[in-house]
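One structure below.
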Protein chains: 2
Amino acid sequence: MGTASKALSLLNYFTRAAPKIGLSDLARHSGYNKATVHRLLSELAQHGFVEQIGSGREYRLGPAFLRLAALRENAVPMRELATQTLTELSNTTGETAHMSLLNGDVLSSFSYTYSSAHGTMVMMEDAEVLDLHATSSGLAVLAHSSAQFIDNILSAPLIKRTPETETDPDVIRAMLPDIRATGIATSIGGYEQDVHSYAVPVFDANSACIGAVAVATPVARMTDPLGEQIKSELTTRTATLTRLLGGFPPDTFPTFLQANPPQTGG
Amino acid sequence: MGTASKALSLLNYFTRAAPKIGLSDLARHSGYNKATVHRLLSELAQHGFVEQIGSGREYRLGPAFLRLAALRENAVPMRELATQTLTELSNTTGETAHMSLLNGDVLSSFSYTYSSAHGTMVMMEDAEVLDLHATSSGLAVLAHSSAQFIDNILSAPLIKRTPETETDPDVIRAMLPDIRATGIATSIGGYEQDVHSYAVPVFDANSACIGAVAVATPVARMTDPLGEQIKSELTTRTATLTRLLGGFPPDTFPTFLQANPPQTGG
DNA sequence: TGTATCGGTTCATTATCTGAACCATCGGTT
DNA sequence: AACCGATGGTTCAGATAATGAACCGATACA
């Protein structure tokens, strides 16, 4: 692995739950030598990607991301388009809609909208990391990723979030062809107990899967008719979003689901 | 320079004006070998920090920044506090207020608010890079930075943004003691013609200068009374903001400007 | 057809990164 | 006060990964 990758991978250990991390902790988690981590952190700090809190204390993410995120959003106004689609989805289904994006091999929530139709709703958090094996969004992404990526993810230890979480790589692998064929991934209580969700993939201009859009309901509220409605709204609106973002579903993606049938030629 | 720094420094070439950059361009601008740039970009791409647009085409900033910016904002809710201060500033002065943050050696606009008091206002852009030598914010930051940092900035070529832009390092250096003594930096038409601005520095918990808050008016509107009012509002409110952000002005910073006089002991 | 780009790749050379062992410091315990 | 087990940070010989000139294939243009 390249040195730059090592530096960048350190950033993945900062989460909502662990916004500040000490040098030794980071060395332990990453498996790198303390001296290495220190040097990488120094370089990251030089560019504002991390910063130290007290004098000689823990590290946290730096202000550079605010600038770069603004530039990214200016170049690719994803959030705006996504929020629009999600709002439509949560309005028409009366449930929570969210979009997640793949950053390297980390899938994290990007945007979400709630409906005011019910007293209980599935709640989301910004930048929450979604397990690829334990969420409908994760499965949707996995199903449309390269064999190498799938191997990479499934060969790592799979966390058992709930009693319902499937952690057998072979079982998960066996689920993917069906997800590919239908274009829809499902999760019932695999990530959070009492949450039932459907997800469909989002693709970029190279037809690579970059994330997913999902609609989640409390398990008790998910009936067959609601499920059908959600799947229908989800597939058509997400197909539109993919196109708005400049992306194209791959040839293998079930086209009967798309909002507009593909043009022959052009 | 470390390899990680080289990778990170590539990100600085992406701007609002140049959101997409090709491999050869990036190699030229950075001065690194094309093979090196390619390898670094590949590593950045692996982690979602850059992405390629078509098949084998230009690069742009990746989606990882959205996630990391959300985490940063969650850990350090700067934007919220800054926006509040800026809103007060633009309301009481009737002019444009903005805050900039230092990322490594790049100062960029972070947040800004307008007033509706006049028909013409100084306009700002998100993530706009502000020249350290040619803006009041930049001078405020420079004046409270280390000698090494100042040397580093002033030894590089200084862009002449307008006919009024001061580009002589020695002249700029001679301005700094006065800025340090008064706590306020001024720029009249040095960055954008017809813009007069005052800026004061913001400090972190280590008393390092992390950015600046400024109020900018059209040159024609800046009278002595307005200037005095702006400087007064700017210093007191920014001192409060620094404290809210968990920072402390250094001992050398003129304390008579601060909102609350420092406590002896504690 | 010829030229000048482009993005991307190769591989011997070499510069950079690595990591065990080392400080100095801090907080808690005895 | 002495000890312990942490912490963040530093050193330097040896291991490893970064480097860059030259290369390739593709594309665009005249």
Side-chain angles (χ1 to χ4, degrees), chain A residues 1-14 18-62 75 104 146 148 204-208 246 266, chain B residues 1-14 18-62 75 104 146 148 204-208 246 266:
Chain A
M1 184 188 291
T3 308
S5 285
K6 288 182 191 164
L8 297 179
S9 71
L10 290 181
L11 299 172
N12 284 335
Y13 296 98
F14 294 93
K20 313 172 194 176
I21 315 183
L23 174 63
S24 300
D25 252 21
L26 211 39
R28 263 191 300 277
H29 285 117
S30 63
Y32 304 141
N33 186 278
K34 197 170 50 158
T36 301
V37 173
H38 181 255
R39 189 169 37 76
L40 296 177
L41 283 173
S42 298
E43 298 204 46
L44 287 168
Q46 249 173 56
H47 293 262
F49 284 72
V50 301
E51 64 183 12
Q52 280 185 284
I53 300 176
S55 59
R57 296 216 45 67
E58 293 168 310
Y59 294 82
R60 69 180 173 200
L61 294 175
S146 69
Q148 189 196 335
D204 70 6
N206 303 319
S207 296
Chain B
M1 186 188 292
T3 309
S5 285
K6 289 181 192 167
L8 297 178
S9 71
L10 290 181
L11 299 171
N12 284 336
Y13 297 98
F14 294 94
K20 314 172 193 176
I21 314 184
L23 174 62
S24 299
D25 251 21
L26 211 37
R28 262 191 299 277
H29 285 118
S30 63
Y32 304 140
N33 186 278
K34 196 169 53 158
T36 300
V37 172
H38 181 252
R39 190 171 33 77
L40 295 177
L41 282 173
S42 298
E43 297 203 48
L44 288 167
Q46 249 173 56
H47 293 262
F49 284 72
V50 301
E51 63 183 13
Q52 278 185 284
I53 300 175
S55 59
R57 295 216 44 69
E58 293 167 310
Y59 294 82
R60 69 180 173 201
L61 294 175
S146 69
Q148 190 196 333
D204 71 5
N206 302 320
S207 296

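This one's a predicted model, so the numbers in the text were calculated from it and none came from an experiment. Here is the naming used below: chain letters follow the sequence lines, and residue numbers restart at 1 for every chain.
For the helix from C:dT1-D:dA30 to C:dT30-D:dA1, the end axes, each set by the C1' atoms of five terminal pairs, are bent relative to each other by 40° (nearest 10°).
Taking each heavy atom of A:V37 and A:S30 in turn, the nearest pair found is CG2-OG, 3.8 Å. Closest approach of B:L44 to B:A7, counting heavy atoms only: CD1-O, 3.6 Å.
Among pairs with a residue in residues 25-46 of chain B, none fulfils ring pair (Phe, Tyr, Trp, His ring centres under 6.0 Å), at least two apart in sequence or across chains.
The ring-ring contact (aromatic ring centres under 6.0 Å, His included) test applied to B:Y59 returns no partner, not counting sequence neighbours. For A:R60, the salt bridge (charged side-chain N to carboxylate O under 4.0 Å, His left out) partners two or more places apart in sequence, or in a different chain, are A:E51.
Of the candidates B:L10, B:L26, B:L11, B:I21, B:L11 is the only one forming a side-chain contact (heavy atoms from CB on, under 4.5 Å) with B:V50.
In this structure, A:L40 and A:T3 have side chains that are in contact, with non-hydrogen atoms separated by less than 4.5 Å.
Distances shorter than 4.0 Å separate some side-chain N or O of A:H38 from OP1 or OP2 on D:dG9. Listed pair A:Q52 / D:dG8 fails the phosphate criterion, with no side-chain N or O lying under 4.0 Å from OP1 or OP2. Put simply, A:Y59 has no side-chain N or O that comes within less than 4.0 Å of OP1 or OP2 on D:dT7.
Whole-Å rounding puts the A:R28 CZ to D:dA6 P distance at 9 Å. The interatomic distance linking B:D25 (CG) with C:dC6 (P) rounds to 7 Å, in whole Å. If you take CG of B:L41 and P of C:dC6, they are 15 Å apart, rounded to a whole angstrom.
Interatomic distance, B:E58 CD to B:F14 CZ, rounded to the nearest 0.5 Å: 9.5 Å. With values rounded to the nearest 0.5 angstrom, A:F49 atom CZ is found 8.0 Å from A:L8 atom CG. Summarising the geometry, atom CG belonging to A:L23 is positioned 9.5 Å from atom CZ belonging to A:R28; distances are rounded to the nearest 0.5 Å. For the atom pair OG of A:S42 and CD of A:Q52, the computed distance is 7.5 Å after rounding to the nearest 0.5 Å.
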Anything under 3.5 Å between a protein N or O and an N or O of nucleotides 18-22 of chain D, put it in a table, one pair a line.
| residue | atom | partner | partner atom | Å |
| --- | --- | --- | --- | --- |
| D:dA18 | OP1 | A:T3 | N | 2.6 |
| D:dA18 | OP1 | A:T3 | OG1 | 3.0 |
| D:dT19 | OP1 | B:K6 | NZ | 2.5 |
| D:dT19 | OP2 | B:R39 | NH2 | 2.3 |

Enumerate all atom pairs, one protein N or O and one N or O from nucleotides 25-30 of chain D, separated by less than 3.5 Å.
none

